[in-house]
Amino acid sequence: MPELPEVETVARDLKPLLTGKTIQGAWWSGKKLRLPWQEEWTSYVRGWAFRDVKRRAKWLVFYLGKPEEPGSDQNDFRFPKLIAHLGMTGQLTIIQGGTLGDPSSLPEDHVHLRFDLVHRPKPAVRAGGKKVGEPPGFQSLRFRDIRRFGGIHLARNQVELDTFFEKHRLGPEPWDCLLQDWKQALARTNRAIKAVLLDQTVISGVGNIYADECLHAAGIHPCRPASSLDTLEASRLLNQSGEVMRRAIENRGSTIRDYVGGENLNGRNQEFLQVYGREGLPCSTCASVLLRWTVGGRSSHFCPKCQQVPRHLGAPRKAREGRC
DNA sequence: ATGCAGTCCTGTAAGC
DNA sequence: TGCTTACAGGACTGCA
């Protein structure tokens with residue numbers, strides 16, 4: 001399930017592979033996506049070149065430009081941008097006469113969008129009698145999404161991009177969130193802290209896997225009312241959230257089931273998860289058996305010893321049948 | 001306004 | 001073997 005670290009990995013993988021490439025043609029499966037593609041965009045994108053790839057929260061932004069002006073203003077406000085969300089099972093990979101990464105896995109099902117690419121700026125040159133230039137075979141950017149919770153949106157200019165993101169009211173990235181703002185956000189709600197971590201308008205990029213990891217790293221029970229966290233706990237949770245994300249990016253994200261990076265490679269961070277998917281196994285810190293409860297409608301993994309509710313706050317609200 | 005449940009969507013796995 | 005059912009969850013909608 002792509003969260004901030006997975007989306008960052010895709011952005012880093014795709015940037016060098018896409019920059020300078022021109023969209024020769026596009027194809028859409030016609031299937032409805034959570035983020036709907038419009039048929040007219042299929043022809044609109046033809047002829048634009050990729051200039052840059054960036055990530056904001058769990059969103060990818062592809063900056064397009066004119067292929068004949070490679071040196072001109074990188075992110076001209078007049079130029080279109082493609083905005084992608086991977087949802088739960090979205091994959092954005094470069095296909096190059098086959099896939100990069102493991103060539104044995106080339107799933108062709110559930111492909112919904114394809115952008116066929118040409119590389120114009122550097123024509124093939126002769127070097128020692130051999131032509132050096134484009135590798136043989138086609139190349140394209142492909143969007144595959146089994147559950148169709150993701151999609152790609154076209155913003156025709158910067159204004160449309162800004163409008164799009166304003167609508168989503170995204171909170172800051174974990175490492176950009178000011179402690180003062182974070183404390184205020186927690187203080188004004190009694191929702192479970194886990195639900196607040198998942199709220200993209202408060203802090204962005206954290207999904208179910210990393211919310212559990214962040215809470216464990218900070219030693220905070222997922223059911224704790226956000227307003228019950230003291231300054232030290234709030235600060236610890238914010239700092240650990242940044243650290244957990246940073247480490248996950250270093251490990252190229254977590255592949256639980258469908259996630260692959262832009263080069264079609266699995267992540268490695270699943271090997272380092274401390275609590276997610278580890279119910280019934282011993283806590284790496286204290287060897288207590290890890291539990292799984294439903295918090296805010298999501299499965300939540302935690303250590304009952306490392307993530308205790310402070311004595312003065314009493315037992316977590318009605319811990320009946322593993323939920324709160 | 002707040003916070004929860006329901007919805008979308010398909011593959012996987014458990015249970016009978 | 002083949003069927004039904006539950007579950008996975010990001011982001012949105014609708015309701016109390």
Side-chain angles (χ1 to χ4, degrees), chain A residues 1-8 10 29-37 55-60 83-92 105 107-113 143-153 164-171 173-174 184-215 222-228 245 248 253-260 267 270 273 275-280 292-302 316-318 320-324:
Chain A
M1 297 93 198
E3 304 179 28
L4 188 155
E6 288 74 27
V7 180
E8 177 67 22
V10 172
S29 67
K31 287 270 183 69
K32 194 180 156 192
L33 302 168
R34 188 74 176 82
L35 184 63
W37 180 260
R55 178 195 59 77
R56 171 74 178 94
K58 298 177 195 172
W59 297 87
L60 284 159
I83 312 162
H85 198 291
L86 301 178
M88 303 250 327
T89 54
Q91 302 173 340
L92 266 169
S105 65
E108 290 298 323
D109 51 350
H110 308 295
V111 174
H112 295 293
L113 286 162
F143 179 69
R144 178 172 184 262
D145 189 355
I146 297 168
R147 274 138 86 172
R148 291 192 262 149
F149 276 22
I152 302 183
H153 182 86
F164 184 88
F165 278 126
E166 275 162 25
K167 199 177 69 198
H168 288 274
R169 307 167 52 79
L170 290 171
E173 310 269 321
Q184 272 178 22
L186 300 192
R188 64 171 171 252
T189 182
N190 293 320
R191 297 159 76 193
I193 184 63
K194 163 102 187 240
V196 177
L197 265 180
L198 292 174
D199 186 339
Q200 302 298 300
T201 67
V202 176
I203 191 167
S204 63
V206 183
N208 201 43
I209 295 170
Y210 296 109
D212 285 359
E213 295 298 314
C214 295
L215 287 164
C223 294
R224 288 274 303 280
S227 58
S228 77
M245 292 306 200
S254 306
T255 297
I256 304 296
R257 179 165 285 174
D258 298 298
Y259 166 74
V260 292
Q270 64 280 4
L273 296 177
V275 284
Y276 183 86
R278 294 178 48 81
E279 70 269 24
R292 180 166 72 133
W293 285 11
T294 298
V295 184
R298 297 284 170 254
S299 77
S300 303
H301 312 71
F302 66 100
R317 290 176 292 179
K318 294 287 177 293
R320 56 185 192 284
E321 291 171 46
R323 42 175 65 235
C324 63

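Within every chain, numbering begins at 1; the chains are lettered A, B, ... in the order of the sequence lines, protein sequences first and strands thereafter. Computation of the quantities below employed the complete heavy-atom set of this structure, encompassing side-chain atoms and omitting hydrogens, waters and symmetry-equivalent molecules. As the structure is a prediction and not an experimental result, all values here were calculated from the model.
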**OP:** Kindly say whether, by distance alone, the side chain of A/Arg257 makes a donor-acceptor pair under 3.5 Å with the base of C/dA8?
**Re:** no
I'd like to check the side chain to side chain donor-acceptor pair (under 3.5 Å) partners of [X]; sequence neighbours left out, ordered by chain and number.
{"X": "A/Trp59", "value": "none"}
{"X": "A/His112", "value": "A/Ser29"}
{"X": "A/Tyr259", "value": "none"}

**OP:** Any salt bridge (Lys or Arg N to Asp or Glu O under 4.0 Å) involving residues 203-215 of chain A? Give me the pairs, sequence neighbours left out, ordered by first then second residue.
**Re:** A/Lys194-A/Asp212
Tell me whether the side-chain N/O atoms of [X] come closer than 4.0 Å to OP1 or OP2 in [N].
{"X": "A/Gln200", "N": "C/dG10", "result": "no"}
{"X": "A/Arg169", "N": "C/dA11", "result": "no"}
{"X": "A/Thr89", "N": "B/dG11", "result": "no"}

Grab the [atom1]-[atom2] distance between [X] and [N] for me, whole Å please.
{"X": "A/Ile203", "N": "C/dG10", "atom1": "CD1", "atom2": "P", "value": "15 Å"}
{"X": "A/Lys194", "N": "B/dC4", "atom1": "NZ", "atom2": "C1'", "value": "16 Å"}
{"X": "A/Lys31", "N": "B/dC8", "atom1": "NZ", "atom2": "P", "value": "17 Å"}
{"X": "A/Asp258", "N": "B/dA13", "atom1": "CG", "atom2": "C1'", "value": "15 Å"}
{"X": "A/Arg144", "N": "B/dC9", "atom1": "CZ", "atom2": "C1'", "value": "14 Å"}
{"X": "A/Leu197", "N": "B/dG3", "atom1": "CG", "atom2": "P", "value": "15 Å"}
{"X": "A/Arg191", "N": "B/dA5", "atom1": "CZ", "atom2": "P", "value": "12 Å"}
{"X": "A/His110", "N": "B/dC9", "atom1": "NE2", "atom2": "P", "value": "14 Å"}

Original post:
If an axis is fit to five pairs at each end of the helix from B/dT2-C/dA16 to B/dC16-C/dG2, what is the angle between the two, to the nearest 10°?
Top reply: 50°
Which residues share a side chain to side chain contact (heavy atoms under 4.5 Å, CB included) with [X], sequence neighbours left out:
{"X": "A/Thr189", "result": "A/Arg191, A/Val196, A/Ala226"}
{"X": "A/Arg188", "result": "A/Gln184, A/Ala185"}
{"X": "A/Glu173", "result": "A/Leu4, A/Arg55, A/Arg56, A/Ala57, A/Trp175, A/Asp176, A/Ser204"}

Return the nearest nucleotide to the side chain of [X]; candidates are [options].
{"X": "A/Glu3", "options": "C/dG10, B/dG3, C/dA8", "answer": "C/dG10"}
{"X": "A/Arg292", "options": "C/dG10, B/dT10, C/dC7", "answer": "C/dC7"}
{"X": "A/Met88", "options": "B/dG11, C/dG10, B/dC9", "answer": "C/dG10"}
{"X": "A/Lys58", "options": "B/dG3, C/dG10, C/dA8", "answer": "C/dG10"}

**OP:** Please work out if A/Gly207 contacts a base, only the sugar-phosphate, or nothing of the nucleic acid, heavy-atom cut-off 4.0 Å.
**Re:** sugar-phosphate
So which protein N/O to nucleotides 12-16 of chain C N/O distances come out below 3.5 Å?
unit_1	atom_1	unit_2	atom_2	d
C/dC12	OP1	A/His168	ND1	2.7
C/dC12	O4'	A/Arg34	NH2	3.1

Original post:
Atom CZ of A/Arg224 and atom CD1 of A/Ile193: how far apart are they, to the nearest 0.5 Å?
Top reply: 8.5 Å
**OP:** Under the side chain to side chain contact (heavy atoms under 4.5 Å, CB included) rule, what do A/Arg144 and A/Asp109 come out as? Steps first, then yes or no, please.
**Re:** CA-CA 8 Å; A/Arg144 178 172 184 262; A/Asp109 51 350; 2.9 Å; yes
Subject >> Any A/His85 side-chain heavy atom under 4.5 Å of A/Arg34 side chain >> reply: no
Original post:
When you match A/Thr189 and A/Arg147 each to their closest nucleotide on DNA chain B, which lands nearer the 5' end?
Top reply: A/Thr189
